[in-house]
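Comments concern the structure below.
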2 protein chains.
Amino acid sequence: MPLTSHKTIGRLSLYRRLLMELTAERATNVYSHELASLAGVTAAQVRRDLMAIGYSGSPSRGYEVRELTGAIGRFLDDPTGQNVALVGVGNLGRAILAYFSGRRPNLRIVAAFDRDPYKVNRVIHGCRCYRLADLPEVARELDIHMGIIAVPASEAQDVAEMLSRAGVNGLLNFAPTSLRVGPQVYVEDIDITTSLEKVAYFARETAMKKEAKP
Amino acid sequence: MPLTSHKTIGRLSLYRRLLMELTAERATNVYSHELASLAGVTAAQVRRDLMAIGYSGSPSRGYEVRELTGAIGRFLDDPTGQNVALVGVGNLGRAILAYFSGRRPNLRIVAAFDRDPYKVNRVIHGCRCYRLADLPEVARELDIHMGIIAVPASEAQDVAEMLSRAGVNGLLNFAPTSLRVGPQVYVEDIDITTSLEKVAYFARETAMKKEAKP
DNA sequence: ACTAAGCTGTGAAAGTCGTAACAGCGATGC
DNA sequence: GCATCGCTGTTACGACTTTCACAGCTTAGT
């Protein structure tokens, strides 16, 4: 029933990471404005986001770091963890494998897939690479319900359909294409080229502003 | 004075890429609903976005692909092109270099930087790697005003400050940290971990919905 | 005991963004 | 020539986000 917005979910994930750092620094409690400052948002935003998960702090001590971390975890995570497939073991795919290798115990990349026969059956950053054609079978065997697409744009739609048919409910898509999938699949796009072009545009704009100011 | 929103800029970049594909397919004109379908948005959105750049189509023929591509380019790009520095030549950094190598003529990654002496002075995917300590000097010599941060979170803030002092106006940040920089620097964050956790959450949610339905 | 200070939780205002709807125009067919 | 059709440009509306502002609570100090 908690119709929590996309943006809030993203920030909760961020808060949790910051809270883990705070735990490492031996902090036991934190105020909304401190967490806000670390996250780069306003204090009111933090409080409103935490409303969504129903966790209450104390007016005098703020939030208990350990408890809040747990509350966010119970809200965001599946208790048994979720298995993820990576499709496309090129430069980007390998970087993703390296990045997530053993990082999040609840989000495990348990299989990689590629067309290239040279990569198949090799183990890369602790993850075995399978033939792309075996995806349906392997996905069912390993109980995979999430996919990361790191293939060229031209192949992304085909891969998305394969994953969808294999029972995947969520996709993280690095290919610069808008995927067409059914409503049972949530898609999050990361478009590096577009992001860089946004930076280029706004860098130019702020540079102009600075020039015009004095 | 075009106070164009962030989201619109992102979509313009996307439209341009789609228009280039259309050009490759010998299409000469396109209707808003066609472009919308390719981009995964509504036709009204496309028309509204194009309002921002002041390009007008024809009621009968829609938009001329070639002219519209040019108009978006004049709006988004710097006529002389912009030079970009990449900081951090790890797995992700190399993937980014490979990805952009000679792709966008207007957005050139002209230098890479890393602490690791083993990487310094090597040429990776056509880009020379410099000592991180030489960043200020090289950035000025090569007229660099944009940076891509692909270093671990613990070093990201230091790198951002170095780049900012070297005259950079825009940053694309892959480190999971919110950077503190002055108002003359635009920052765009790409947080892969958070994106994956969002997918995990919504995948779970849609899976539950499907289960509850029948 | 009582005041003062500082934080949380939350209703309401402000702002942002996307969508619907329609007037206007150019082409086409009769 | 005139009506019709389909698409564009634009305005108005609605949905969603963020921020503001304040009541309520809890502790510390006098």
Assess whether a salt bridge exists between A/Glu161 and A/Arg180, defined as any Lys/Arg side-chain N lying under 4.0 Å from an Asp/Glu carboxylate O.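 Salt bridge between A/Glu161 and A/Arg180, a charged N being under 4.0 Å from a carboxylate O: no.
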Which listed nucleotide ([options]) is nearest to the side chain of [X]?
X       : options                : value
A/Tyr63 : C/dC22, C/dT10, C/dT8  : C/dT8
B/His33 : D/dT17, D/dC25, D/dC7  : D/dC7
B/Thr42 : C/dG9, C/dA27, C/dT19  : C/dT19
A/Ser60 : D/dT27, D/dT8, C/dG9   : D/dT27
A/Gln45 : C/dC25, D/dT18, C/dA27 : D/dT18

Once you round it to whole Å, what is the distance between [atom2] of [N] and [atom1] of [X]?
X       : N      : atom1 : atom2 : result
A/Arg47 : C/dT8  : CZ    : C1'   : 6 Å
A/Asn29 : D/dT26 : CG    : C1'   : 14 Å
B/Arg61 : C/dG26 : CZ    : P     : 11 Å
B/Tyr55 : D/dG9  : OH    : C1'   : 14 Å
B/Leu35 : D/dG9  : CG    : C1'   : 16 Å
B/Tyr31 : D/dG6  : OH    : C1'   : 8 Å
B/Glu64 : D/dC7  : CD    : C1'   : 15 Å
B/Lys7  : C/dG15 : NZ    : P     : 18 Å

For A/Ser32 and C/dC7, is the shortest distance between a side-chain N/O and OP1 or OP2 below 4.0 Å? no
Look at B/Arg11 and C/dG18 and indicate whether a side-chain polar atom (N or O) is within less than 4.0 Å of OP1 or OP2.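 Affirmative; the distance criterion is met.
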Side chains of [X] and [Y]: do they bring a donor and an acceptor to under 3.5 Å?
X        : Y        : result
A/Tyr186 : A/Asn169 : no
A/Asn29  : A/Arg61  : no
B/Asn91  : A/Tyr99  : no

Go through the N and O atoms of the side chain of A/Arg48 and the base of C/dG11, and report whether any donor-acceptor pair is under 3.5 Å.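 Such a pair is found, so the answer is yes.
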Earlier contact from the 5' end, DNA chain D, for A/Ser58 and A/Val41: A/Val41
Regarding B/Thr8, tell me which of base, sugar-phosphate or nothing describes its non-hydrogen contacts under 4.0 Å with the strands shown. nothing
Describe, in one word, how the ring planes of A/Phe75 and B/Tyr201 are oriented to each other, choosing from parallel (under 30°), tilted (30 to 60°) and perpendicular (over 60°). parallel
